[in-house]
2 protein chains.
Amino acid sequence: MQKAISQAVIKRLPRYYRYLGELMDEGIERISSSELSQRMKVTASQIRQDLNNFGGFGHQGYGYHVPTLYNEIGNLLGVNDHHNMIIIGAGNLGRALANYENFSKRGTSIIGVFDNDPSVIGSVTGKHQIKDIKGVEAFVKEHGVDIAAICIPKSAAGEVAKNLAGLGVRAFWNFSHMDLELPEEYIVENVHLSESLMQISYMIQDQDKKREKDK
Amino acid sequence: MQKAISQAVIKRLPRYYRYLGELMDEGIERISSSELSQRMKVTASQIRQDLNNFGGFGHQGYGYHVPTLYNEIGNLLGVNDHHNMIIIGAGNLGRALANYENFSKRGTSIIGVFDNDPSVIGSVTGKHQIKDIKGVEAFVKEHGVDIAAICIPKSAAGEVAKNLAGLGVRAFWNFSHMDLELPEEYIVENVHLSESLMQISYMIQDQDKKREKDK
DNA sequence: TAGATTGTTAATCGATTAACAATC
DNA sequence: TAGATTGTTAATCGATTAACAATC
């Protein structure tokens with residue numbers, strides 16, 4: 001563990017993990033960087049560079065042993081760890097996350113869903129009964145929370161995140177339409193859906209322009 | 001429109017648009033790249049470079065006129081255009097998207113929500129009555145659809161996307177846990193939520209390792 | 001051993017930052 | 001005009017790709 005791993009590499013790790021999972025399902029034991037590169041549509045060189053950031057998982061003349069590599073990358077990604085997550089905001093998106101089955105398979109358990117709207121507090125979504133946001137402080141202190149998914153409007157998001165950070169929540173999965181301002185030791189992962197959609201919209205526009213020009 | 005715009009720049013455009021919207025709300029008429037750089041926490045140089053990809057929106061000695069720039073970037077992003085989107089899969093996530101208000105403000109209307117489960121077909125989520133996926137082909141032909149949001153399990157996603165592509169859907173907003181295999185003229189924007197969460201999990205692990213070592 | 005494929009160094013490419021002349 | 005700030009070129013930095021010696 002010397003040089004820091006670049007963000008570009010970290011972003012690719014879950015995709016490697018996904019493809020290795022598929023190889024496992026297919027019962028494939030062994031794969032070379034060039035075979036994997038064809039499946040994943042990246043260069044073999046990039047695969048070898050990426051994996052070597054974490055030490056030699058491969059064997060010369062053989063390639064990579066799929067179960068081992070799957071496991072190693074899983075460890076890097078913390079899927080064999082355990083993290084607690086709470087969801088702030090029980091709107092449609094908050095509920096969608098609350099009912100996602102996959103997260104717990106990858107080491108993250110949703111242990112609470114909170115809202116401030118009296119008309120939804122107490123109601124049930126999937127396995128979760130929605131709790132009053134007023135109780136979140138006590139809840140975090142009691143249970144210990146690693147990650148908070150922020151699914152509330154931007155008018156409230158900054159304030160809530162700051163409070164949770166003060167209570168020891170280390171990581172924020174931010175779905176609100178703003179940038180959270182937190183000291184840099186806090187982990188923030190943004191998912192801005194409308195910005196994602198706008199990229200599509202840009203690309204459609206751009207395609208139209210090009211097609212117009214080519215006529 | 002000579003050199004192609006890099007993906008890195010395109011990804012930043014919606015964020016510029018968001019910050020310019022905030023400036024509009026604050027009634028700020030004029031901003032320099034260095035002021036904006038402080039707000040956005042990027043370099044002024046990057047802002048000037050990015051904007052210049054699209055032509056000279058600024059004025060020397062003055063900076064950028066906020067309403068003009070807001071508008072220009074909006075045009076680039078196609079928010080003044082109009083696109084039709086359908087949602088495939090009316091699970092929690094599909095419903096969350098179906099009920100998002102913001103998209104239509106940015107030029108994309110959701111005109112249909114489809115599922116294959118008889119127990120949900122016909123039921124209503126927000127403004128949408130869920131339609132039978134069997135009717136999607138006729139629907140696309142009748143209404144014209146630019147974008148399909150794919151919110152179904154990976155077992156079905158590839159097949160459905162391929163069919164929709166054949167019917168003239170140009171862009172896919174892919175929330176399924178797989179990579180869509182489509183000819184390259186199709187626009188695909190992936191939102192892999194569990195991979196996003198795994199990045200958080202990685203960073204928590206990584207922080208733990210560092211803290212362990214520093215002791 | 002011969003063949004295959006990694007780990008790793010070197011070369012290339014692209015993106016970001018710095019610098020400054022142009023100009024409002 | 002003097003001051004400010006862009007547009008744009010040049011320098012730097014980082015990430016990707018290519019090449020190949022090491023080695024299983």
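Proteins come first, then strands; the chains are lettered A, B, ... in the order of their sequence lines, and each starts at number 1. The shown structure was predicted, so the numbers you read here are calculated from the model rather than taken from an experiment.
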Considering every strand and a 4.0 Å limit on heavy-atom distances, what is the contact class for [X]: base, sugar-phosphate, or nothing?
X	value
Ser33(B)	sugar-phosphate
Ser6(B)	sugar-phosphate
Ser45(A)	base

In this structure, how many angstroms lie between the [atom2] atom of [N] and the [atom1] atom of [X], rounded?
X	N	atom1	atom2	answer
Lys41(A)	dT16(D)	NZ	P	19 Å
Ile47(B)	dT8(D)	CD1	P	17 Å
Gln49(B)	dT8(D)	CD	P	10 Å
Gln46(A)	dT6(C)	CD	C1'	16 Å
Asp50(A)	dA15(D)	CG	P	11 Å
Leu51(A)	dT5(C)	CG	C1'	13 Å
Gln60(B)	dA2(D)	CD	C1'	16 Å
Arg30(B)	dC24(C)	CZ	C1'	11 Å

Do the charged groups of [X] and [Y] touch, with an N to O distance under 4.0 Å?
X	Y	value
Arg211(B)	Glu185(A)	no
Arg39(B)	Glu35(B)	no
Asp208(B)	Arg170(A)	yes

Establish, with yes or no, whether the OP1 or OP2 oxygen of [N] is under 4.0 angstrom from a side-chain nitrogen or oxygen of [X].
X	N	value
Thr43(A)	dT17(D)	yes
Tyr64(A)	dG7(C)	yes
Arg12(B)	dT16(C)	yes
Arg48(B)	dT16(C)	no

For dT12(D), the nucleotide meeting Watson-Crick or G-U wobble distances (both under 3.5 Å) is dA15(C)
Would you mind pulling out the nucleotide paired to dC24(C), Watson-Crick or G-U wobble, both distances under 3.5 Å?
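Its partner is dG3(D) (Watson-Crick or G-U wobble, both distances under 3.5 Å).
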Between the side chain of Gln205(B) and the main-chain N/O of Asn75(A), is any donor-acceptor distance below 3.5 Å?
yes
Of the options dT9(C), dT16(D), dT5(C), whose atoms approach the side-chain atoms of Ser32(A) most closely?
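Comparing dT9(C), dT16(D), dT5(C) against the side chain of Ser32(A), the answer is dT5(C).
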Counting only side-chain heavy atoms from C-beta out, which of dA10(D), dT6(C), dG7(C) sits nearest to Asn52(A)?
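The listed nucleotide nearest to Asn52(A)'s side chain is dG7(C).
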Starting from the C-alpha separation in whole Å, work towards a yes-or-no answer on side chain to side chain donor-acceptor pair (under 3.5 Å) for Arg48(B) and Ser33(B).
CA-CA 7 Å; Arg48(B) 294 203 300 276; Ser33(B) 58; 2.9 Å; yes
